[in-house]
Amino acid sequence: MKAMIVEPSRELALAEVPEPAPGPGQALVEVEAIGVGYVDVMARRGDDAHFPGVGSVLGLEVVGRVRAASGVAEELVGKRVLALPDSGGYAERVAADADRLLPAPEGADPVEVVALGLNALVAEGALHRTGLAAGERVLVRGASGGIGVLATQIAHARGAEITAVTSSPEKAERLRTLGAAKVIDRTRADRPEDTYDVVVDTVAGPQVGEYLQLLRPNGRYVLCGGAGGVPGSEVFDLLLRDFHRSPTLLAFSLMSVAPAGRRRSWDRVVELFADGRLSAVLDTTFPLTQAATALRRVESGTSFGKVVLLQG
Ligand SMILES: NC(=O)c1ccc[n+]([C@@H]2O[C@H](COP(=O)([O-])OP(=O)(O)OC[C@H]3O[C@@H](n4cnc5c(N)ncnc54)[C@H](OP(=O)(O)O)[C@@H]3O)[C@@H](O)[C@H]2O)c1
């Protein structure tokens with residue numbers, strides 16, 4: 001079958017590779033649409049410790065039909081699923097553990113499903129961990145990103161008041177339509193003036209301390225991405241300094257969530273999607289063979305929502 005592999009130069013190239021053979025507990029998925037995320041940018045560079053490396057195939061999230069399942073999830077054969085393999089999604093077919101398959105919402109387009117995909121699980125899971133309640137104030141960093149646009153909508157659907165941090169007036173306008181009551185343009189002198197019950201941070205980097213100080217008493221700060229790099233160690237000094245306000249600093253990785261928890265989170269996402277309170281936000285689609293261009297778009301920070309690769 002055809003797949004895009006990472007060459008020793010770290011470029012991507014179309015290659016003929018062996019068809020994946022699903023092992024015990026795995027299913028074979030015929031790929032229709034592939035989600036592209038910042039994590040792929042990092043894997044291609046060699047910055048993701050979990051990616052197998054040169055010669056391997058990127059891709060952690062695909063939507064497609066289950067073609068075969070060896071003794072597990074046989075009820076899903078022929079059905080459309082969101083599959084979350086460890087890698088290998090930039091291909092015609094991919095093998096994934098059966099407990100990494102989630103049923104696609106009835107009648108939904110594969111592009112929409114993958115645009116929700118892993119990002120919706122991260123956004124929903126991260127907000128769920130904070131115990132977000134209706135009426136609370138939430139700040140989202142990286143609000144125009146794949147995870148950010150969904151975190152904004154999910155927090156809004158849960159009755160929170162959202163402030164989105166983004167990087168252009170156009171992005172700001174679109175975030176308002178997704179439910180942000182206020183928008184801060186980080187490229188201007190704008191600085192948040194409010195305090196927040198919850199901060200959802202998909203960026204991290206040296207500004208974490210600055211945002212951490214915006215927490216209200218009993219506030220929760222959830223770090224769920226790192227495109228901006230590692231936070232400085234002053235974060236720990238700040239937590240101790242603000243001890244009397246009981247701040248909570250959480251890290252959230254989808255990798256830590258057990259299959260049953262992932263399924264519960266997906267069901268909550270599908271429910272919001274089905275009743276129109278959550279929409280998939282598609283930035284661009286590219287054919288699989290243009291995966292390098294798709295990655296550049298994500299890396300450039302100009303995308304709004306999800307970049308998706310299509311088979312064919
Ligand atoms: N927790 C998990 O389980 C999990 C799973 C998958 C991915 N991730 C991680 O989550 C992060 C976000 O992923 P994504 O797919 O949403 O990425 P994305 O679509 O590339 O969005 C990231 C957004 O962050 C903002 N941004 C980028 N660089 C920045 C910088 N230097 N300073 C401030 N803001 C910056 C931009 O938004 P604005 O222009 O709106 O500011 C950008 O659109 C990545 O680090 C990824 O590896 C985590």
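This one's a predicted model, so the numbers in the text were calculated from it and none came from an experiment. First listed ligand is number 1; within each ligand, the first listed atom is number 1.
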J.: Between the candidates G37, G142, A164, which shows the shortest non-hydrogen contact distance to atom 24 (O) of ligand 1?
T.: G142

J.: By number and element, which atoms of ligand 1 are closer than 4.0 Å to a non-hydrogen atom of V39?
T.: 47 (O)

J.: Yes or no: does G226 have any heavy atom under 4.0 Å from an atom of ligand 1?
T.: yes

J.: Counting both backbone and side chain atoms, is some N or O of T202 under 3.5 Å from an N or O of ligand 1?
T.: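 Min N/O separation from ligand 1 is not below 3.5 Å for T202.
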
J.: Any cation-pi pair here, R174 with F304, using under 6.0 Å and within 45°?
T.: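 Satisfied, under 6.0 Å and within 45°.
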
J.: What do you reckon, does M42 have a nitrogen or oxygen under 3.5 Å from a nitrogen or oxygen of ligand 1?
T.: no

J.: Tell me which one of K171, K306, R186, E299 gets a heavy atom nearest to atom 34 (N) of ligand 1.
T.: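 It is R186 that holds the nearest heavy atom.
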
J.: If I take atom CZ from residue F273 and atom CD1 from residue I154, how far apart are they, to the nearest 0.5 angstrom?
T.: 12.0 Å

J.: State the CZ-CZ distance between R245 and R216, to the nearest 0.5 angstrom.
T.: 11.0 Å

J.: Give the atoms of ligand 1, by number and element, whose distance to some non-hydrogen atom of V122 is under 4.0 Å.
T.: 1 (N), 2 (C), 3 (O), 4 (C), 5 (C)

J.: Is any NZ, NE, NH1 or NH2 atom of the basic residue among E299 and R45 found under 4.0 Å from an Asp or Glu carboxylate oxygen of the other?
T.: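 Result for this pair is yes, salt bridge flagged.
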
J.: Give the minimum heavy-atom separation between L12 and A292, together with the two atoms involved.
T.: CD1-N, 3.8 Å

